Amino acid sequence: MSKTADIGEHYDKRSPIGDELRNGQLHMWYWYDREDDASLPEAVHRMTRKVTDTLGLRAGEHVLDAGCGPGETAVYLATRFGVRVTGITVSRFEIERAVQRASSGGVAGTVTFAYDDFTALSCADATFDAVLALESLQNAPDLDQVFAELYRVLRPGGRISFSDFSLADQGDPARVATFMDTLKLARLPTLPQWLEHARAAGFEIEEYTECGPRVFGQKAKYLEAALRMRDEVTAKFGEDAVDEFSRLHHGFFVPRRNQIGYVIVSARKPHR
């Protein structure tokens, strides 16, 4: 099985229940602290807003949602900012669910989804005004190749914003290795390493932040929220499916709270 097909199967197994728990957004949550009373879908959408706002989107622009998941983020971009969105993924389930979501959201005319590999995009040069990559770069077999492709399909002056996990504390490496194996990560860059990968492709960094304590550091709140939803999810998918979903994600929670960081980076392709 190819690396791309392997990643697609990885998400096909996990996305249906993840879609249910997080309302069509498979990326991480953002809780301010233990007393934050936002629901899981609200905390996940908070991350959506936090990352997408850094793009400075304008009505009529064309956005590539690279690793679009089940489509909720693309629908949000179209309705909130009036942009056209092309969402790509290597998960067949995610494409099917995303198309349904765009249709029910009334944006099927401006939001499209396709099976495409961001290591070798089918898009022409300078197709997009902006690129969004919410936790999709982590699965790239070659980060430099993917950054080069995203740079290629952006117009001069175009923007990219991405968010992803980072290595925050190198202690207890066995726990980090379990986390990486669970998510099928070939690497876990530090924040400086993420910035260097983007710069090596030609991007000019304009903004970045590290917010691990409010993301992975709040993993206990996710577990509490998921447990509250367990009966509802079990009624839809069955006990065996929920047990398997839990088993597949066990290793994700093994690292200590301070070991896994979370970066948000915004950059621009220079005007030339």
Side-chain angles (χ1 to χ4, degrees), residues 3 7 26-33 46-56 64-67 118-119 121 128 130-154 156-219 251-272:
K3 178 67 173 176
I7 294 300
L26 299 183
H27 51 268
M28 292 292 282
W29 49 81
Y30 188 98
W31 275 297
Y32 291 101
D33 51 38
R46 185 181 284 161
M47 180 62 78
T48 301
R49 297 196 309 271
K50 189 173 181 67
V51 180
T52 58
D53 281 354
T54 64
L55 280 170
L64 174 65
D65 186 357
F118 58 14
T119 65
L121 290 165
F128 300 101
V131 170
L132 174 68
L134 276 163
E135 287 170 42
S136 56
L137 300 181
Q138 61 182 348
N139 293 125
D142 185 333
L143 263 179
D144 291 330
Q145 181 180 356
V146 173
F147 271 115
E149 272 293 273
L150 298 178
Y151 186 92
R152 178 183 68 80
V153 300
L154 267 176
R159 297 92 68 203
I160 180 172
S161 288
F162 65 89
S163 65
D164 229 310
F165 298 108
S166 64
L167 181 61
D169 187 327
Q170 300 188 38
D172 211 344
R175 290 177 180 267
V176 175
T178 299
F179 173 87
M180 293 176 64
D181 183 63
T182 299
L183 294 185
K184 294 189 176 295
L185 307 185
R187 75 206 61 75
L188 185 60
T190 62
L191 172 57
Q193 289 169 338
W194 275 115
L195 300 179
E196 181 54 36
H197 280 295
R199 289 186 177 115
F203 287 110
E204 296 177 344
I205 305 297
E206 295 189 339
E207 181 181 358
Y208 59 87
T209 189
E210 162 64 75
C211 49
R214 291 179 170 180
V215 185
F216 189 80
Q218 297 297 331
K219 62 180 180 174
F252 175 86
F253 300 97
V254 167
R256 303 185 193 283
R257 291 188 306 157
N258 65 336
Q259 287 187 277
I260 306 300
Y262 197 86
V263 302
I264 301 173
V265 180
S266 296
R268 187 178 301 270
K269 181 175 180 176
H271 293 274
R272 289 189 181 131

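Counting from 1, the numbers follow the sequence of the chain as shown. Bear in mind that the values here come from a model prediction, so they are computed numbers and not experimental data. FYI, side chains are in, hydrogens and waters are out, and symmetry mates aren't considered; it's all heavy atoms of this structure.
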Determine whether the aromatic ring centres of F203 and F162 lie less than 6.0 Å apart. no
Kindly compute the distance separating [atom1] ([X]) from [atom2] ([Y]), expressed to the nearest 0.5 Å.
X    : Y    : atom1 : atom2 : answer
L188 : Q170 : CG    : CD    : 9.5 Å
L154 : R268 : CG    : CZ    : 10.0 Å
K219 : F253 : NZ    : CZ    : 8.0 Å

For T54 and E207, which I'm curious about, is there any donor-acceptor pair between the side chains at under 3.5 Å? no
Passing candidate, ring-ring contact (aromatic ring centres under 6.0 Å, His included) with F216, options W29, F179, Y30, Y262: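 The residue from W29, F179, Y30, Y262 that satisfies ring-ring contact (aromatic ring centres under 6.0 Å, His included) with F216 turns out to be F179.
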Any heavy-atom pair between the side chains of [Y] and [X] that's under 4.5 Å?
X    : Y    : value
F118 : L64  : no
R214 : Y32  : yes
V263 : Y208 : no
T48  : H27  : yes

Which pairs with one or both residues in residues 163-175 pass salt bridge (charged side-chain N to carboxylate O under 4.0 Å, His left out), sequence neighbours excluded? D172-R175, D172-R256
Step-by-step side chain to side chain contact (heavy atoms under 4.5 Å, CB included) determination, L150 to L137: CA-CA 11 Å; L150 298 178; L137 300 181; 4.0 Å; yes
Hey, what's the ring geometry for W194 with H197, parallel, tilted or perpendicular (30° and 60° as the breaks)? perpendicular
